[in-house]
Structures are given as C-alpha cells and as structure tokens.
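Structure first, commentary second.
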Amino acid sequence: MLDIQGVSLEIEGNKGTEILKSINLKFYNKKIYVVTGPNGGGKSSLAKVIMGVYNPTSGRILLNGQDITYSTITERARLGIGYAFQSPPRFKGIKVRDLLNMAASHNPENVNICDLLYNVGLCAQDYLDRDVDSSLSGGEMKRIEIATVLARNLKVAVFDEPEAGIDLWSFQKLAETFKTIHEQYDTTIIIISHQERIMELADEIIIMSNGSISAQSERDVILAGILNSDTCLCSTKCEKGVGQNVECIG
Ligand SMILES: Nc1ncnc2c1ncn2[C@@H]1O[C@H](COP(=O)(O)OP(=O)(O)OP(=O)(O)O)[C@@H](O)[C@H]1O
C-alpha cells in the first residue's frame, strides 16, 4: 500500500503558495485510482511527489510501511514505483527495442517486448528499430513510454494523462491494457486523467482542486455525482449545472 500522510508542497518561486495542502490518501494494491479535477489543481504535483521529483514540505510517504519521503527517484524506481510522464523524454542514440529491453531487464522471462508494443497499439515490426528521438510523434512517444512502464511489473504505476495525444483506436487498446494489468498483477495503478472513459476503469476516483482533495469515493458514486449533481465537484465555483460537470472537470 502507498500511504500519503498529510503531504504539503510549496515550490520556491511560486510566491510561497502551497501547491498541495495536507493531502491524505491510501492507495491499495491491485486497485485502479483515477485522479481528476480542474487544470492547476495539483494532480501532476501529487504524482511528482509520489515519484520523488519533488520532496514534500511536510508529511510522509510510506510504501508498504517503509518511509520513502526522502528517497531519490532511483531508489523509488528500485522499490517498484514507476511514472509515465505527461510529455515523455527522448533518448538520443537509443532504439525502441533497447528502451523496452532495459525496462524489462528485471522481468525478462515474463515480458515479450513485441506484446508490449501491441498492448499500446503499435506494430513491433514498424517500431522496434526506430530511434527514440524527435522523429517519433508525441503520441507514438507517449505509447512507447507507457509500454516501458508496463514492462516493469511495478508495485505502483503512475500514468499522467495517458490519453493525451493518443487516437481513439489506440485509446481502446490502452484501456484494455489497464484492465489486463488490473486483473493479472497486484500493481496499484494511479491514472491522472480528464477522460470519462478512463474514469470508468477506476475502482476509486479522487477529485483534486486547489491543492486539496475535494471528493474521493468509489467510481460509480463519483460518476453519478458528477453527472447528476447541481453542485460542481470541481469546486472552482464554475456554476455549471446538472450533467455539465464532466465537461467542467475535463
Ligand atoms: N515547478 C513549479 N513552479 C511553480 N509552480 C508550479 C510548479 N509546478 C506546478 N506549479 C503550480 O502548481 C499548481 C498545480 O500544478 P499541477 O501541474 O500539479 O496541476 P494539474 O492538476 O496537474 O494541472 P493540469 O490538469 O493542467 O495538468 C499550478 O498552479 C502550477 O502552476
């Protein structure tokens, strides 16, 4: 279990304002959590605190009881926490095949790199020997990065807006892949998303706005709340009415 206890985050140069305000969350094994909410609500910052890109100003982060609050990104990666960035980095001189083999190096018997590409809607024949550089489109790069996260058999996998730049056909494949990981592995999956179709995959949905958790519950409760409530759950006083809140959150 990943346990976020009273985590706050201030970033220097951001006028001393708290980007995360005393967040308490428990992420259990083998569950899919979708974190959603309006732009600037703190979703990516929460993901970066989990990954170790930012150190919290206060609070603690525990992975299966081990305090990892100040562990480095590398230490967390070794412990089995993985992150697919909103805009993935590119690596000069490395081929897609190398990147996937590196990602799968702890789990080589169980991972077929062609299947990994297939799972994110790419044809292995066309992509394994491509360079991981600017010749790949944003959507292709994103899918390859998601494939590297899938290769790692992680304890906690964090995906930041996996749908961004991905076409409708590949999106369907991606949704199936999340379902497969959910059924076959104990991985805790945390997906940051504005997409209702991704929210439908969740066991639990968490809505963040203004650096705080404004709602958290089982998927159906939150989705019904979003679709039927007069009060907008995004908490930005947008005054959208019944059935409009999904559009607002997205
Ligand atoms: N490095 C930084 N320096 C200054 N401000 C930052 C930094 N990172 C994030 N912020 C601010 O923190 C707030 C939360 O940003 P964050 O990216 O976590 O939001 P988000 O919910 O992921 O938004 P989006 O849905 O647009 O991706 C924003 O106001 C953002 O400008």
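Counting starts at 1 for both ligands and their atoms, following the listed order. Keep in mind the model is a prediction, meaning the values are calculated, not measured. We use all heavy atoms of the structure for the numbers below, so side chains are in, but hydrogens, waters and symmetry mates are not.
The proximity of E161 to ligand 1, defined as any non-hydrogen pair under 4.0 Å, is limited to the side chain. At a heavy-atom cutoff of 4.0 Å, ligand 1 is contacted by both the backbone and the side chain of N39. Residue H194 touches ligand 1 through its side chain alone, judged by heavy-atom distances below 4.0 Å.
Closest of all the heavy-atom pairs between L201 and R219 is C-NH1, 4.4 Å.
The closest donor-acceptor contact from the side chain of D67 to the backbone of L62 lies at 3.5 Å or more, if one exists at all.
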- Please assess K95 against D129 for the test salt bridge (Lys or Arg N to Asp or Glu O under 4.0 Å), listing each intermediate value before the final yes or no. CA-CA 6 Å; K95 300 223 178 281; D129 291 315; over 6 Å; no
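Heavy-atom proximity to atom 18 (O) of ligand 1, evaluated over S45, G41, P38, A47, is greatest for S45. Relative to atom 23 (O) of ligand 1, the option among S44, G40, G37, G42 with the closest non-hydrogen atom is G40.
By the ring-ring contact (aromatic ring centres under 6.0 Å, His included) test, F27 pairs with Y33, sequence neighbours left out.
Judged as a salt bridge (Lys or Arg N to Asp or Glu O under 4.0 Å), the pairs with a partner in residues 21-45 (not counting sequence neighbours) are, in order, D3-K26.
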